[in-house]
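Heads up, the thing below is written out as structure tokens.
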Amino acid sequence: MVPFPAQGHLNQLLQLACLISSSYDLPVYYVGSATHNRQARVRANALNPSEIAKIHFHDIPTPEFASPPPDYNALRKFPSQLQPSWDASMLLPESIASFLHDISSKARRVVVVHDTLMSYNVQDVLSLHNAESYIFNCISVFTLYCLMSLSVGISLQLDEELLKKLPSFEGIITDQLKNLGASQIPYMDIRSGDIHNSSKVIEGEFLDLRAQVASKEEKKQWAIGPILPTKLDCVANRNNMCLDWLDK
């Protein structure tokens, strides 16, 4: 597992790591900086500590980076203070390649599941005869389909009433993150397929639309979610009004 160092990304891949480890008794490695691996463990919610203990956290040496405080007065409520850590995370391909070569020399087969925004870092998968990679998409399939279609100039195959309600994507992320995302595109084609944290029940229409685009790319698609644990014995705040609402 090679997550992007932002909490919503770290947490989802840790949930997937625990699901695979506990369900199939396979060794699962969670690869990132020591700081972000620790963050993933400390902030884990609804995961049994015994399941997290089965995961092999591999700390990758990462260059020092600035950690400015958030600007609470900023007009755009986006965590741009994390940009230095994201920039530092783009300097890891050699360290990750070294780790992958070591693992592949000991295992019959290696599967690398990585965040879209870490495609550049796992490019060395191509040099390994017994390895393949899959992108894990942390955002909804609906959002992914809209973003991909708009980025390549494809008209959205959506109901007209829904199109009217679709908000603009302008300004939702910073230019720096947009550029970081664009820099991953040349390395995304090495993947064997995509894994979506969704299901047919929730996003069936949009999974079908995404599959139409993916068929042209000849990439496999899997919807395996939601991967949130079904047993909430380990939820930190069980009196949350959102959980009460969902229970109804």
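Side chains included, hydrogens not; waters and symmetry mates left out as well; all remaining heavy atoms used. Here, residue 1 is the first one in the sequence, and each next residue gets the next number.
Interatomic distance, CG of Leu16 versus CG of Asn197, reported as 8.0 Å (0.5 Å rounding). Atom CD1 of Ile224 sits about 10.0 Å away from atom NE2 of His196, to the nearest 0.5 Å. With rounding to the nearest 0.5 Å, the separation of OG1 in Thr143 from CD in Glu203 is 7.5 Å. The CZ atom of Phe142 sits 10.0 Å away from atom CG of Leu209, with the distance rounded to the nearest 0.5 Å. To the nearest 0.5 Å, the span separating CG on Leu47 from CD on Gln15 amounts to 5.5 Å. Interatomic distance, OG of Ser80 versus CG of Asp71, reported as 7.5 Å (0.5 Å rounding).
Remark: the backbone N or O of Glu205 is not paired with any side-chain donor or acceptor of Lys200 at under 3.5 angstrom. Under a 3.5 Å cut-off, the side chain of Ser133 and the backbone N or O of Ala131 do not form any donor-acceptor pair. Between the side chain of Ser98 and the backbone N or O of Ser95, no donor-acceptor pair lies under 3.5 Å. The backbone N or O of Leu117 lies less than 3.5 Å from a partner atom in the side chain of Asp115, making a donor-acceptor pair. In this structure a side-chain-to-backbone donor-acceptor pair under 3.5 Å is present from Ser104 to Leu100. With hydrogens and angles disregarded, a donor-acceptor distance shorter than 3.5 Å links the side chain of Asn130 to the backbone of Ala107. For the pair Gln184 (side chain) and Ser119 (backbone), a donor-acceptor distance under 3.5 Å is present. For Ser21 (side chain) and Cys18 (main-chain N/O), no donor-acceptor pair under 3.5 Å exists by modelled atom type. Looking only at distances, a side-chain donor or acceptor of Lys77 sits under 3.5 Å from a matching main-chain atom of Tyr72. Between the Asn37 side chain and the His58 main chain, a donor and an acceptor come within less than 3.5 Å of each other.
Met188 belongs to a hydrophobic cluster with Ile135, Ile185, counting contacts under 4.5 Å between side-chain heavy atoms of Ile, Leu, Val, Met, Phe, Trp and Tyr, direct or through other members.
In terms of the side chain to side chain donor-acceptor pair (under 3.5 Å) criterion, residue partners of Ser192 (sequence neighbours excluded) are, by chain and number, Glu132.
Enclosure of atom CG in Asn179 by more than 12 non-hydrogen atoms of other residues, nucleotides or ligands within 6.0 angstrom is indicated. No more than 12 heavy atoms of other residues, nucleotides or ligands sit less than 6.0 Å from atom CD of Glu94. Heavy-atom neighbours of Arg76 CZ from other residues, nucleotides or ligands within 6.0 Å: above the threshold of 12. Around atom CG of Asp208, more than 12 heavy atoms belonging to other residues, nucleotides or ligands sit under 6.0 Å away.
Proximity of Gln12 to Phe136: side-chain heavy atoms (C-beta onward) are separated by under 4.5 Å at one or more points. Here the side chains of Ile20 and Met1 are in contact, with some heavy-atom distance below 4.5 Å. Between Pro68 and Pro84 there is a side-chain heavy-atom pair separated by less than 4.5 Å.
When only modelled atom types and interatomic distance are considered, Ser33 and Asp59 share no side-chain donor-acceptor pair under 3.5 Å. Asp87 and Gln83 share a side-chain donor-acceptor pair at under 3.5 Å. Side-chain polar atoms of Asn121 and His114 form no donor-acceptor pair below 3.5 angstrom.
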| Check against salt bridge (charged side-chain N to carboxylate O under 4.0 Å, His left out), Lys54 and Asp25 | CA-CA 9 Å; Lys54 297 177 184 177; Asp25 195 28; over 6 Å; no

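Ring planes of Phe4 and Trp86: tilted class, angle from 30 to 60°.
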